[in-house]
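In what follows, a single structure is set out as structure tokens and then discussed.
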Amino acid sequence: MFQFSTSTILLVLFAFYGLTFLFTLSIGKKQENADGYMVSNGSVGFSMSAASMTATWIWAASFYAAASSGYKYGLSGAIHYGFWGALMILFIYPFGKRFRELAPNARTLAEIMHARHGSASQMILASSNIVGSIISLMVNFTAAGALVDILSPLNFTEGVLIAGSGVLIYTFWSGFRSSVFTDFGQLMAMMLAAVVIIPMLFFELDGPDLFTQGMSNLTIEQADFFSTTAILEQGAPFFVAVLAYAIGNQTIAQRLFAVREDLIKPSFITATIGYGSIVIGLGMLGLLALLAGVQPIDGDLNNLIPQMAATYLSPIMVLVLFVMIIGSLSSTADSDLSALSAIIMTDVYGKHLSKNNPNPKKMLWVGRFTMVVATMLGVIFASLKLDILSMLIFVGALWGAIVFPVISSLYWDKVTNLAFTAAVTGAFLLFIIARFEWLELTGAVALFFEVIASVGGGVVIGLMCFGFFGRTAGLILGAITAVILLFFTLGFLRDYIVLLSSLTAYGASAIICVVLTLTSNKSAFDFALIKQRVVEFSDNK
């Protein structure tokens, strides 16, 4: 396989991160504003917001996990990953309009929960976002390490350290504005490279003849576009996971709070189309590898894309792909750093340490220090070399515990702080029990989880329909889905632990939240209070 020399790979990496840093200097401000550092004061336009949303979500997982999906599940693998990921972006906009309506000056969803319920709910949501963003950093740095390890004499750890340092350097000073500014250029590079590289690999592998000659390398399930295995092990769990990302991921929420309010819908629809088109194409690389009989180095699917490039592409095109992947993982890593800084600045320092009366200048340095610590943690955890696709689904399923409580809290004026916190903690505990099989999933125990998972399936469909078609449609279709699933999941879903645990998180959180809300005697909440309680920090000093 082709490899770059050490001097070449270092030159490319330093040139990429150096030029990115120089670009961000042009938007630097001597007197930085805390709200500008976190969400650009809610004034980002259409093209920048749509590009940033697309580039942020086309991250290491979009390359490596999409290819892994295509390789593991065959004809339908790439579709399952790209299509459901695109749906996640579309899913957020109707709820996003509600979030912005209630809190035009918000920086984080946890901040809105503080205004709605208080500190306990805020810290639950903030903590889940911190864990998710650090794991996302780990995943992106893992991808960088694998890429450098395959394509150069440098080892995995050196690749992780260079990527981590490079992203930190250009994001440190201007925060979210740096992330959005660089996202646009990185997306253009990714689109150009995808349009060129995917067809080139296709024809290097014998083009149309590959499908006729390589079908013998596929199992019966991999050759079936409607494979039950692919749906139950990849499509359905990922579908459930990415819907949770729409609510639980601060990088998504941050762009929601940054874009001009009147541009939320067109920006997110455009990002949906852009993401789906590019990532389904990237997933096809895994299918091509499967058809060609390629065996991943060391059996690690994270090595699949760089291995394909080094084997079948010219040095120039390998360089293009290298820059493309570094750009994609950097665009998401800088978003994770910005998200983490916003959470610590707002939800930890702003609301708690400063007692809701922060010093904006001190707040900026809190955010910058957070980026340094987060980068160190991401680099350390990347050394674990965990499977990217598995981590993605795990985090999304974990976030499933917060989706119903968050959305219901911002539409239903009767939801209490107890209902929110008990729903999230109870659902998380049941998710962990099912996911790691702390109890043997047989007999009555398995039936218990399958019933809750059926409710969870109804919640997923109900929330989607509620967002687009209103409350009545959501309740009716959600209830119908739950009843139908009962007939198909009892005695069956226990064999698909990932899907069972993911749906359990949704179902348990909804059941607990609804029961505790209906049995509460507390008066209705006035949603106008949220806008009064969530103000710009720059107004405080």
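Just the heavy atoms: all of them, side chains too, but no hydrogens, waters or symmetry mates, feed the values below. These figures come from a predicted structure and were not determined experimentally.
- Atom CG of residue Leu90 and atom OG1 of residue Thr270 lie 11.0 Å apart, to the nearest 0.5 angstrom.
- A donor-acceptor pair is defined here as one N or O able to donate and one able to accept, closer than 3.5 Å; such a pair exists between the side chain of Ser502 and the backbone of Val498.
- Between atom OG of residue Ser267 and atom CD1 of residue Ile89 there is a gap of 11.5 Å, rounded to the nearest 0.5 Å.
- Residues Met113 and Pro405 have side chains not in contact (no heavy-atom distance under 4.5 Å, counting atoms from C-beta outward).
- At a threshold of 4.5 Å between non-hydrogen side-chain atoms, the residues Met376 and Val372 count as touching.
- Of all non-hydrogen atoms in Arg116 and Ser409, the two that sit nearest each other are NE-O, 2.6 Å.
- Here the OG1 atom belonging to Thr375 is positioned 10.0 Å from the CG atom belonging to Asp336, to the nearest 0.5 angstrom.
- With hydrogens and angles disregarded, no donor-acceptor distance shorter than 3.5 Å links the side chain of Arg98 to the backbone of Ile407.
- Residues Phe16 and Gly327 come closest through the heavy atom pair CZ-CA, 3.6 Å.
- Closest approach of Ala524 and Lys414 over heavy atoms only: N-NZ, 4.0 Å.
- Using cut-offs of 30° and 60° on the angle between ring planes, the pair Phe95 and Phe466 is tilted.
- For Phe527, the ring pair (Phe, Tyr, Trp, His ring centres under 6.0 Å) partners at least two apart in sequence or on another chain are Phe525.
- Residue Cys465 holds its SG atom at 10.0 Å from CD1 of Ile476, rounded to the nearest 0.5 Å.
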**OP:** Please step through side chain to side chain contact (heavy atoms under 4.5 Å, CB included) for the pair Gln122 and Thr108, ending with a clear verdict.
**Re:** CA-CA 10 Å; Gln122 178 197 26; Thr108 71; 5.8 Å; no
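- Closest approach of Met371 to Phe172, counting heavy atoms only: SD-CA, 3.8 Å.
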**OP:** Could you give me the CA-CA distance, side-chain angles and deciding distance for Thr251 and Thr332, then say whether side chain to side chain contact (heavy atoms under 4.5 Å, CB included) is met?
**Re:** CA-CA 8 Å; Thr251 63; Thr332 305; 5.8 Å; no
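- In this structure, the side chains of Met324 and Leu282 come closer than 4.5 Å at one or more pairs of heavy atoms.
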**OP:** I would like to know whether Phe469 and Leu477 meet side chain to side chain contact (heavy atoms under 4.5 Å, CB included); could you show each step before the answer?
**Re:** CA-CA 11 Å; Phe469 307 114; Leu477 291 176; 5.6 Å; no
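- Nearest heavy atom pair, residue Ser178 against residue Thr171, reads CB-CA, 4.2 Å.
- Shortest non-hydrogen contact noted between Val279 and Gly82 is CG1-CA, 3.8 Å.
- Between the side chain of Ser128 and the main chain of Leu125, a donor-acceptor pair closer than 3.5 Å is present.
- From Ile264, atom CD1 reaches atom CZ of Phe257 across 9.0 Å, with rounding to the nearest 0.5 Å.
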**OP:** Decide yes or no on side chain to side chain contact (heavy atoms under 4.5 Å, CB included) for Ile134 and Leu340, but give the supporting numbers first.
**Re:** CA-CA 8 Å; Ile134 290 177; Leu340 284 163; 4.1 Å; yes
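- Separation of atoms OG1 (Thr425) and CZ (Phe420) is listed at 10.0 Å; rounding is to 0.5 Å.
- Contact annotation: the side chain of Lys361 never approaches that of Leu364 to less than 4.5 Å [non-hydrogen atoms, C-beta and beyond].
- Remark: the backbone N or O of Gln250 is paired with a side-chain donor or acceptor of Asn129 at under 3.5 angstrom.
- Between the side chain of Ser133 and the main chain of Ile130, no donor-acceptor pair closer than 3.5 Å is present.
- Residue Phe369 places its CZ atom among 12 or fewer non-hydrogen atoms of other residues, nucleotides or ligands, all under 6.0 Å distant.
- Residues passing the ring pair (Phe, Tyr, Trp, His ring centres under 6.0 Å) test with Phe99: none are found, sequence neighbours excluded.
- At least one side-chain heavy atom of Asn359 sits under 4.5 Å from a side-chain heavy atom of Tyr349.
- Judged purely by atom type and a 3.5 angstrom limit, Arg100 uses its side chain to pair as donor or acceptor with the backbone of Leu256.
- Looking only at distances, no side-chain donor or acceptor of Gln254 sits under 3.5 Å from a matching main-chain atom of Phe176.
- Under the 4.5 Å side-chain criterion, counting only non-hydrogen atoms from C-beta, Ser121 is not in contact with His114.
- Classified by interplanar angle (parallel below 30°, tilted 30° to 60°, perpendicular above 60°), the ring pair Tyr93/Phe468 is perpendicular.
- Ser341 places none of its side-chain heavy atoms less than 4.5 Å from the side chain of Leu337.
- Residues Pro266 and Ile269 fail the side-chain proximity criterion, which asks for heavy atoms closer than 4.5 Å.
- Listed by chain and residue number, nothing satisfies the salt bridge (charged side-chain N to carboxylate O under 4.0 Å, His left out) test with Asp413 (two or more places apart in sequence, or in another chain).
- Within a 6.0 Å radius of CZ in Arg471, no more than 12 heavy atoms belonging to other residues, nucleotides or ligands are found.
- For the residue pair Ser335 and Arg255, a side-chain donor N or O sits within less than 3.5 Å of a side-chain acceptor on the partner.
- Using a 3.5 Å distance cut-off with no hydrogens or angles, the side chains of His80 and Ser69 do not pair a donor with an acceptor.
- Under the 3.5 Å distance criterion, the side-chain polar atoms of Arg107 are left unmatched by any main-chain donor or acceptor of Thr346.
- No donor-acceptor pair under 3.5 Å is formed between the side chain of Thr481 and the backbone N or O of Gly458.
- Ser354 places a side-chain N or O within 3.5 Å of a backbone atom of Gly350 that can act as its donor or acceptor partner.
- Using cut-offs of 30° and 60° on the angle between ring planes, the pair Tyr170 and Tyr17 is parallel.
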